[in-house]
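Numbers for residues simply follow the sequence, beginning at 1.
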Amino acid sequence: MGVLEALRDPRRLKTEVLGGLVVALALIPEAIGFSLAAGVDPAVGLYASVTMAISIAIVGGRPAMISAATGAVALVVAPVMAQTQDLNYLVATVLLAGVLQVVLGALGVAKLMRFIPRSVMTGFVNALAILIFMAQVPHLYGQGVGPLVYALVAVGIVMLVVLPKITTAIPAPLITILVISAVVFFSGWSVPTVGDEGELPDSLPSLFIPDVPLTLETLQLIGPYALGMALVGLLESLMTAKFVDDITDTHSNKTREAWGQGVANIVTGFFGGMGGCAMIGQTMINVKQSGSRTRISTFLAGLFLLILLVALGDIVGLIPMGALVAVMIMVCVATFDWHSIRPSTLRLMPVPETLVMVITVVATVATHNLAVGVILGTLAAMVLFARRVAHLVRIEPVWETDIDDDGAPEIRRYRVVGELFFASSNDLVYQFDYAGDPDVVIIDLTDADVWDASTVAALDAVQSKYTDRGKEARIIGLDGASQERLERLSGKLGDAV
C-alpha cells in the first residue's frame, strides 16, 4: 500500500499515526543511550533520530522501516570524539560517511546482499534480539531500581501479551506506556524515568556546518571511521530491509535504500546529528506490533519525536523506564527466531548451517558490532561451502577395451565429475598415475565445469607431468564458458606446479 492509498483509508492512516507515535516514544531512551556511547550530548543523538527518520521516509527504499541513531554507528564514530573532543570532526565524519554511502549505493552495493546465506540472516536476527535485551539490562539494576520497577516491567509484559487479544485498534505498546505512566504519576511512586537518562533538548535543531580544516590530515583522521560507518550502516540497513521484506511479504528497493541512507546521513550531519542507520528494534515495533506498512509511520516517528522533545519534553521525561523496558523485551521475544533453536530443527539442519548461525551470533554479541558478525558468518559459510563442494568432485579412471599386442590397454580415460574451482582443483594434480599410465591418456570433463584460473593451472600441470614422461594427455568434453576459459588461459599462467 502506498502513501496516497493510506491517506484515503482512515483505518490504515490511524495505524500509521499510532505506530509512528509508539516508535517516537521508544526512540528517546535509545537515542540518549547511543549519544552517551558516542561521547556526545544527548541532543546530538536525539536530533539525529529526528532527521534520519524524516529523511529516510522520503528517500528510502523500504517503507515503514525506521532509521535513527544506532548503537552500531555510535561504536564506530566514538573514537573520533575520543581523539578530538570536537563535535565538528564527528559531524564531518558523518557527512563523509553519507557521501560514501551514496556512492556505494549508486555502484550497486545492495546487490551483494544475494551472497549472504539464510543461516547468516538467522544469526543476524537472533544476535539483534540478544543485543536489544542486553541494552535493557542496565535499566534493571542500579540506583532507584527495586521491586517496584520489576513489578512495572512484569505488568507491562503481561499487558503487551494480553492487549492484542482484546483489541488491535490501538497498538498495545502505546496503551502500555500511557497506562503505566499514568499510574506512576498519580500514585507518586519514585522510579527511574526517561528524564533521568539525560537532559532533553527544548529547541529545534539548527543548521550546522562543521568547522574543520579541509586538508589531507583531516581526511586521514576521519576517513577510516567514515568508511567504517558507511559500511556498518549499509549492512545493518540492508539486512533489516530484507528482514522486513520477509515479514510483510513485499519487495523493497535495496539500491534506493542504500543511497537513501547516505542522503539521510548527509542531512543529519548538516543539522549537527551523529548519523545513524536502520533500527531493527524500532522497526519491529512499527511493522510487527503496530502493523504499519507505509512511509507515513516513519515520517511521523521523526515528526512526533521532534514535537515530544520541543513541546512536551517535561511530560515525556516523566515516562517510567520500566514501561519502555517492557516494550523492548517483547520486541526481543518477537525478533528472535525461536524455530531456529528448536531441537527438531537442529536435528534436521546440516551442522555447517547451524555452525554459521552460531558464529554470526557469537561474533556479533561479543563485539556489539553487527558488521563483524555478518562478515565473519558469511566468510564461514563460504569456507564451509567451498569445503563441501570440493569433496563432491570425483575422478573415475576407466580402462579402454582396445588391447594392444602386449595385452595392455592403449588408452586410459579419466572421467572427472563435479565443479572445478580453487578449492576442488588444488589436489587434482595428485589424482593421476603418471608412471603407470599408457602413452595416451584422456581426461574427460564432460560432467565437469571449469570455473577459475586455479583449475586451468592445475590442468596445465597435469598435462606437463605427462609430457615430461613422453606421454600425451588430451582434455575433452568441455564446452561453453568452460571451454572458452581453458582456451584463453591454458599455457599463459606461468610454470605449472
Side-chain angles (χ1 to χ4, degrees), residues 104 107-109 111-120 231 235 350-353 355-356 359-360 363 371-372 374-399 411-497:
L104 291 171
L107 292 175
V109 70
K111 296 178 181 177
L112 297 177
M113 285 295 296
R114 70 186 67 179
F115 297 107
I116 297 181
R118 182 184 179 279
S119 52
V120 173
L231 295 176
L235 186 58
V351 173
E353 299 283 331
L355 181 60
V356 167
I359 290 173
T360 305
V372 172
V374 171
I375 290 172
L376 288 180
T378 303
L379 289 175
M382 292 170 60
V383 171
L384 291 171
F385 173 76
R387 182 175 180 272
R388 186 163 63 250
V389 172
H391 285 81
L392 295 178
V393 173
R394 304 193 317 274
I395 299 180
E396 303 170 352
V398 179
W399 293 101
I411 298 175
R412 192 179 193 187
R413 182 187 300 267
Y414 287 89
R415 180 168 172 263
V416 182
V417 180
E419 304 302 313
L420 296 173
F421 64 111
F422 64 90
S424 60
S425 62
N426 278 339
D427 61 349
L428 189 67
V429 70
Y430 306 112
Q431 306 301 311
F432 299 87
D433 184 6
Y434 302 103
D437 282 344
D439 291 340
V440 177
V441 173
I442 295 177
I443 302 174
D444 187 352
L445 301 180
T446 301
D447 298 314
D449 290 296
V450 174
W451 287 103
D452 58 10
S454 295
T455 301
V456 175
L459 292 172
D460 283 351
V462 171
Q463 289 184 305
S464 178
K465 288 182 178 295
Y466 277 114
T467 301
D468 291 342
R469 290 169 173 77
K471 301 177 182 181
E472 179 185 5
R474 303 173 188 168
I475 296 175
I476 66 169
L478 289 177
D479 57 13
S482 295
Q483 178 66 26
E484 186 275 332
R485 190 170 291 116
L486 182 67
E487 292 176 351
R488 176 163 48 89
L489 298 177
S490 182
K492 303 174 184 177
L493 298 175
D495 295 335
V497 292

### Query
Under the side-chain contact (heavy atoms from CB on, under 4.5 Å) test, which residues partner Ile116, sequence neighbours left out?
Met113, Val120, Leu235, Met239, Val374, Thr378
### Query
Rounded to the nearest 0.5 Å, what separation is found between the CD atom of Glu353 and the CZ atom of Arg118?
8.5 Å
## Note on the structure
For Val356 and Ser119 the tightest heavy-atom approach is CG1-OG, 3.3 Å
### Message
Please check: side-chain N/O of Ser482 versus main-chain N/O of Val450, any donor-acceptor pairing under 3.5 Å?
### Response
yes
### Message
Show, in sequence, the C-alpha distance, side-chain angles and deciding distance for Asp449 and Leu420, and conclude whether the side-chain contact (heavy atoms from CB on, under 4.5 Å) test is met.
### Response
CA-CA 6 Å; Asp449 290 296; Leu420 296 173; over 6 Å; no
### Query
Which residues pass the side-chain hydrogen bond (donor to acceptor under 3.5 Å, both in side chains) test with Arg474, sequence neighbours left out?
Glu472
### Task
Enter the distance from Gln463:CD to Phe432:CZ here, rounded to the nearest 0.5 Å.
9.5 Å
### Task
Side-chain contact test, heavy atoms from C-beta onward, threshold under 4.5 Å: evaluate it for Thr360 versus Leu376 and give yes or no.
no
### Message
The criterion is side-chain contact (heavy atoms from CB on, under 4.5 Å); which residues satisfy it with Leu486, sequence neighbours excluded?
### Response
Val456, Leu459, Ile475, Leu478, Ser490
### Query
Any side-chain heavy-atom pair from Asp433 and Tyr414 closer than 4.5 angstrom?
yes
### Task
Starting from the C-alpha separation in whole Å, work towards a yes-or-no answer on side-chain contact (heavy atoms from CB on, under 4.5 Å) for Val429 and Lys465.
CA-CA 9 Å; Val429 70; Lys465 288 182 178 295; 3.4 Å; yes
### Task
Please identify each residue that fulfils salt bridge (charged side-chain N to carboxylate O under 4.0 Å, His left out) with Asp437, with sequence neighbours left out.
Arg412
### Message
Just to verify, what does Glu396 make a side-chain hydrogen bond (donor to acceptor under 3.5 Å, both in side chains) with, not counting sequence neighbours?
### Response
Arg394, Arg415
### Query
Can you list every salt bridge (charged side-chain N to carboxylate O under 4.0 Å, His left out) pair that touches residues 476-486, not counting sequence neighbours?
Glu484-Arg488
### Query
Rounded to the nearest 0.5 Å, how far does CD1 of Ile411 lie from CG of Asp439?
10.5 Å
### Task
Not counting sequence neighbours, which residues clear ring-ring contact (aromatic ring centres under 6.0 Å, His included) with Tyr434? List them please.
Tyr466
### Contacts of type side-chain contact (heavy atoms from CB on, under 4.5 Å), residue Gln431, not counting sequence neighbours
Ile395, Asp427
### Query
Do Val416 and Ile443 come within less than 4.5 Å of each other through their side chains, counting heavy atoms only?
yes
### Query
Considering residues at least two apart in sequence or located in another chain, which fulfil the side-chain hydrogen bond (donor to acceptor under 3.5 Å, both in side chains) criterion with Thr446?
Asp444
### Counterpart residues, side-chain hydrogen bond (donor to acceptor under 3.5 Å, both in side chains), relative to Thr455 (two or more places apart)
Ser425, Asp452
### Message
Pair Leu445, Ile476 - check side-chain contact (heavy atoms from CB on, under 4.5 Å), show working.
### Response
CA-CA 6 Å; Leu445 301 180; Ile476 66 169; over 6 Å; no
### Query
Any donor and acceptor pair, going by atom type alone, linking the side chain of Asp460 with main-chain N or O of Gly491 inside 3.5 Å?
yes
